[in-house]
Structure formats: C-alpha cells, structure tokens
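This report concerns only the one structure given below.
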Amino acid sequence: MISVFNTLTRTKEPFKPITPGVVKMYVCGPTVYNYIHIGNARSAIAFDTIRRYFEYRGYQVTYVSNFTDVDDKMIKRAKEDHTTVPAIADRFIKAFLEDTAAVNIEPATAHPRASENISEIIDFIKVLIDKGYAYESAGDVYYRTRKFKDYGKLSDQRIDDLEVGASQHTADEETDRKEDPIDFALWKAAKADEISWPSPWGSGRPGWHIECSVMSTKYLGETFDIHGGGQDLEFPHHENEIAQSEAKTGKPFAHYWLHNGFVTVGDDNEKMSKSLGNFVTVHDIIKQIDPQTLRFFMATTQYRRPIQYTQSNLDDAANNLSKLQNTYTNLTYRLKDATDGSDNDVAEQLLKLKADYVQAMDDDFNVQNGIAAVYELAKLANVYAAQTTVKKVTVQALITALTALAGVFGVVFEAAPATLADTDIQALIDDREAARQAKDFAKADQIRDDLKAQGIILEDTPQGVRFRKE
C-alpha cells in the first residue's frame with residue numbers, strides 16, 4: 001500500500017483515496033508573469049512523478065493545476081511591457097506549456113485560469129459573507145481569520161502568534177480597512193488603470209488565496225484526495241485555502257497535503273533569488289542542456305528533500321541517464337537475434353527487482369531507492385544482453401520493465417538507430433571487417449573514422465558490429 005507524509009498530521013499515513021482506484025489531486029501552479037524558474041519546475045516535476053507512479057500502480061488520476069493570471073506581479077509586468085494583463089498571461093502560459101513539455105511533464109487534466117472563474121469566485125465569497133466569515137470594507141472583502149477555529153492546523157501555528165502581514169499581500173493602507181490585522185483579502189477594490197471585474201462590492205479583482213479554493217473544488221469536488229505545492233506555500237496560502245474552503249462547505253478540504261522541498265543553487269547552497277544573480281529559468285536551461293537531464297536530475301530526488309542545483313549534479317544525472325539509454329539500446333539490439341523462449345532465472349530476478357521498486361516507491365515516493373532498483377535492473381539487463389544466446393520473451397520483458405519503471409521518472413528512451421540493413425553503412429562495415437581480417441588495420445581505422453565524422457559510431461560487441469548515431 002502506498003503511504004504518504006501528510007503535512008496536515010505531520011505523519012506518514014497509508015493512502016486511502018475517497019473513491020477506490022481513483023486519485024484526485026490539485027497542485028498550485030505558477031503566477032504567469034515570467035518564464036518558470038527551477039523552483040517552479042521542481043514542484044511540477046515532483047508532482048508529475050508522483051502522478052506517474054499512481055498511474056503505474058493502476059490508479060486513474062485527475063490532476064488539476066491552476067494558472068494565476070490575475071495578480072500584482074501580473075499588473076506590474078503588463079505596465080512595464082506596455083501591454084495588457086491577459087496578453088502577459090497568454091504569452092507565459094504558452095511558454096510554460098512549451099517548457100514543461102520539454103521536460104516531459106504530462107499535461108494536467110485541467111489548467112484553469114483565475115480570470116476564467118470570476119463568477120465562481122464571487123459566488124464563493126458571497127457564501128462566506130452570508131456565513132459571517134467575510135466582510136466588505138471600502139470595496140475590499142476580507143476573511144475573518146480568527147472566526148475559523150482551526151486556523152493554523154496545517155502549518156502548526158497559533159493564531160495569536162501570527163504577525164501583521166501574514167498573508168504576504170498586506171499593504172500598509174489595507175490595515176485600516178481590516179477588522180483584524182491578520183485578516184486576508186478575498187476581493188480587492190479596483191485601482192485606476194488596473195484590470196477589474198464588476199462585483200456586488202464594486203469593481204475589483206480576486207485575492208490570491210481564493211482562486212485555488214474555487215478552482216480546486218470546482219474540478220475535484222468539495223473534498224478531494226491530495227493537495228500539493230512547494231513548502232513556501234504551506235503558510236499562508238494553503239492555510240488560507242483550508243480556512244476559506246472548510247468555512248464554506250463545513251467539510252474537510254483535502255485529505256492529504258504534500259509539500260516539495262526547496263532548490264538551492266551552487267556548491268554553497270544559496271537560495272535562488274534575482275538579487276543574488278542566481279535566478280535560473282527553465283526556458284534558458286533547456287537551451288544549454290538536454291531537457292531530459294534536468295528532468296532526471298530533479299525526478300530522482302525524493303520530493304520532500306531539498307535539491308542542490310550544481311553542474312556536477314547535472315553531470316551525474318546526464319551520465320546515469322546515458323547508461324540507462326545504453327541499456328535500452330543493448331536490449332533492443334539483441335531482440336533482433338533472440339531465440340524463442342524465456343530464461344526463468346532472469347525472469348525471477350526481474351520480478352524481485354520490480355517488487356523492490358514498488359516497495360521503495362510505495363514509501364512516500366522514495367525515488368532514491370526506486371531509481372536504485374532501476375539501476376540494478378539495468379545491470380541485470382546488460383549482463384544478459386552480453387550473453388551469446390538470449391531468449392526473446394526475456395529480452396522483451398526486460399525492455400518493458402525498464403521502459404515502465406524509468407518512465408515514472410519521465411525518462412523516454414530514444415528509438416533504436418537505423419538497422420544494419422542500411423545499405424551504405426552496411427557496405428562500409430563489411431569493408432572494415434574485411435580489412436581487419438586482412439590485418440589492414442590502418443584501412444579499418446580510416447573507415448571507422450570516416451563514419452564517425454558522419455555521426456556514425458561503431459561498437460564492437462561479442463555479437464558483432466553494431467552502430468549508433470550521435
């Protein structure tokens with residue numbers, strides 16, 4: 001059975017979905033005023049890996065992740081670029097989808113935008129006002145934080161210990177409009193030259209926290225299985241989501257809360273920030289390195305642990321990924337000359353490795369131990385592929401297992417290169433073999449070098465010469 005560390009209870013618990021065989025999960029998405037940075041990518045990759053593992057275990061997953069497209073940062077960027085907030089949103093949502101596709105993140109079941117759910121947000125706020133959990137003040141609407149008795153249960157904070165400005169969006173001029181300094185905005189009155197919508201309280205726009213309560217419950221129901229996001233969202237954002245949602249419905253909001261760790265940059269473990277000059281966007285990174293390397297690097301660190309973004313760690317990931325690709329290539333090559341039947345001993349070892357993988361991943365998605373099982377599978381496969389005779393059923397089983405297990409980490413293996421039936425390449429390989437038989441090694445080496453210059457790499461194996469394209 002899968003177990004997860006639940007931030008709400010601060011314990012590891014067996015995962016029991018509301019509907020057997022179905023997982024409904026919501027993950028907070030980016031504010032789309034810029035290209036996503038590696039911190040955003042870490043969260044997206046971590047929860048995509050979790051989603052993929054649920055799917056590997058046979059669950060049907062409904063995965064919802066929002067776009068915050070109405071925000072102070074959006075308004076500021078639109079003014080700087082002399083354009084509109086929707087234009088900025090469209091631009092960077094497109095970039096987000098391109099960048100996440102490059103690192104092989106599966107598209108969400110739904111990607112709702114705050115601006116497309118204004119009527120639902122207004123209706124949600126009306127209910128909170130009717131229940132006494134919210135109040136209007138000078139065109140703003142605020143949530144009465146102290147009225148929600150369980151406030152602080154997610155982040156383990158006492159409400160009396162909270163400081164002014166806990167919502168991270170409190171401006172000095174707001175304080176006078178609040179009944180209590182710790183109240184947070186559900187609706188913000190319109191300012192001159194800012195995007196706004198009509199509402200019962202005058203023109204304005206939604207606060208940050210309300211959008212996720214509205215969109216998650218709209219697509220997943222009043223209570224759903226998993227809510228995820230970065231550790232930085234635990235308080236106040238997720239705490240406020242719980243307060244809003246449970247005040248409205250009177251029901252638990254999400255059963256399990258999962259939070260991913262931070263990303264540090266460089267050997268000194270500096271926190272990533274623009275002021276330190278170490279702010280790294282995915283848009284820029286994938287122009288310099290293979291996107292699969294970035295994906296593999298992040299996917300193979302357990303989601304709750306911090307990640308140290310360094311060149312040496314990226315190099316290690318690239319090396320390990322290359323080894324897995326070589327294993328896949330070895331297996332697909334041997335499938336051509338495999339004989340009928342299967343090898344029971346290898347089949348038994350494969351079953352044990354798959355069981356080890358499941359045992360590791362079931363334990364709060366322990367990807368370090370999970371990928372260790374994949375490496376052991378690769379070692380078994382390489383040893384088997386080097387044998388003089390291999391069996392077709394066994395080779396195919398190894399290929400299927402390697403593809404499935406590595407696929408949870410987002411790995412996509414490249415198809416086998418063109419076969420030795422390619423006339424031109426085969427003729428040169430035959431000439432090289434003839435030269436070697438005649439001990440004309442200079443000619444043999446020249447043929448090899450000529451092919452290499454054309455991007456064709458020859459590999460001498462116990463089963464004969466094969467080639468791959470760089």
Side-chain angles (χ1 to χ4, degrees), residues 28 31 66 68-75 112 114-155 157-192 194-218 222-223 227 233-254:
C28 290
T31 301
N66 70 302
T68 296
D69 64 345
V70 184
D71 181 85
D72 292 339
K73 294 175 182 177
M74 300 286 302
I75 293 169
S115 64
E116 296 173 348
N117 289 272
I118 298 299
S119 62
E120 291 89 346
I121 289 172
I122 290 172
D123 290 343
F124 197 113
I125 294 172
K126 284 180 180 178
V127 174
L128 291 177
I129 291 175
D130 290 343
K131 288 191 168 188
Y133 281 96
Y135 59 94
E136 186 269 342
S137 178
D140 292 342
V141 179
Y142 295 98
Y143 184 89
R144 288 190 174 97
T145 304
R146 292 185 191 275
K147 185 174 176 64
F148 186 71
K149 301 304 181 185
D150 288 334
Y151 193 85
K153 65 180 179 180
L154 179 68
S155 54
Q157 300 191 62
R158 294 177 64 250
I159 198 165
D160 290 334
D161 294 335
L162 299 179
E163 297 179 356
V164 175
S167 71
Q168 294 182 346
H169 286 267
T170 300
D172 291 339
E173 61 269 20
E174 281 187 290
T175 304
D176 292 339
R177 297 197 293 272
K178 294 182 178 183
E179 295 178 353
D180 190 314
I182 64 172
D183 293 348
F184 58 89
L186 301 174
W187 186 263
K188 296 183 177 184
K191 296 179 181 179
E194 287 189 356
I195 188 170
S196 64
W197 289 264
S199 81
W201 320 288
S203 293
R205 57 187 171 88
W208 176 36
H209 312 297
I210 191 68
E211 65 177 83
C212 286
S213 288
V214 171
M215 291 186 282
S216 60
T217 54
K218 175 180 177 179
E222 293 180 337
T223 303
H227 195 310
L233 299 180
E234 183 180 331
F235 180 86
H237 185 51
H238 289 167
E239 196 74 69
N240 290 350
E241 282 189 65
I242 290 174
Q244 296 163 160
S245 304
E246 296 188 0
K248 176 180 180 288
T249 68
K251 302 174 184 178
F253 181 38

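The two residues P252 and T223 come nearest to each other via the heavy atoms O-OG1, 2.5 Å. Closest approach of S155 to F235, counting heavy atoms only: OG-CD1, 3.6 Å. Smallest separation of non-hydrogen atoms from E211 and W208: CG-O, 3.1 Å. Looking at every heavy atom in both residues, R144 comes nearest to A134 through NH1-O, 3.3 Å.
In this structure, the separation between NE2 on H209 and CD1 on I242 is 12.5 Å, given to the nearest 0.5 Å. In this structure, the separation between CE on M215 and CD1 on I210 is 10.0 Å, given to the nearest 0.5 Å. I182 contributes atom CD1, which lies 3.5 Å from atom CD1 of I159 (distance to the nearest 0.5 angstrom). Once rounded to the nearest 0.5 Å, the distance linking NE2 of H238 with CG of L233 reads 4.5 Å. A distance of 10.5 Å separates CG in D180 from OG1 in T175, rounded to the nearest 0.5 Å. If you take OG on S199 and CD1 on I121, they are separated by 11.5 Å, rounding to the nearest 0.5 Å.
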Check against side chain to side chain contact (heavy atoms under 4.5 Å, CB included), K188 and W201: CA-CA 9 Å; K188 296 183 177 184; W201 320 288; over 6 Å; no
Side chain to side chain contact (heavy atoms under 4.5 Å, CB included) evaluation trace for R205 with D72: CA-CA 10 Å; R205 57 187 171 88; D72 292 339; 2.5 Å; yes
Chi angles and distances behind the side chain to side chain contact (heavy atoms under 4.5 Å, CB included) call for T249, T217: CA-CA 10 Å; T249 68; T217 54; 5.6 Å; no
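Crowding of K73 atom NZ: a count of heavy atoms from other residues, nucleotides or ligands under 6.0 Å not exceeding 12.
No side-chain heavy atom of L186 sits less than 4.5 Å from a side-chain heavy atom of F124. Annotation: side chain of Y151 is not in contact with side chain of R146 (no heavy-atom distance under 4.5 Å). At least one side-chain heavy atom of K153 sits less than 4.5 Å from a side-chain heavy atom of E246. Proximity of T145 to F184: side-chain heavy atoms (C-beta onward) are separated by under 4.5 Å at one or more points. Side-chain contact between R177 and Y142: present, with at least one pair of heavy atoms (C-beta onward) separated by less than 4.5 Å. In this structure, C28 and H227 have side chains that are in contact, with non-hydrogen atoms separated by less than 4.5 Å. Looking at heavy atoms from C-beta onward, P206 lies in side-chain contact with W187 at the 4.5 angstrom threshold. Residues C212 and H237 have side chains in contact (heavy-atom distance under 4.5 Å, counting atoms from C-beta outward).
Residues passing the side-chain hydrogen bond (donor to acceptor under 3.5 Å, both in side chains) test with S213 are Q244, S245, sequence neighbours excluded. The side-chain contact (heavy atoms from CB on, under 4.5 Å) test applied to P200 returns I122, K126, not counting sequence neighbours. For D150, there are no side-chain hydrogen bond (donor to acceptor under 3.5 Å, both in side chains) partners, not counting sequence neighbours.
No donor-acceptor pair under 3.5 Å is formed between the side chain of Y143 and the backbone N or O of N240. Side-chain atoms of D69 come within 3.5 Å of backbone N or O of S115 as a donor-acceptor pair. Between the side chain of D140 and the backbone N or O of A189 there is at least one donor-acceptor pair closer than 3.5 Å. Side-chain N or O atoms of K178 include one that pairs as donor or acceptor with a backbone N or O of D183 at under 3.5 Å.
With a 6.0 Å cutoff to the six-membered ring centre and a 45° limit on the axis angle, K248 does not count as a cation-pi contact of Y133.
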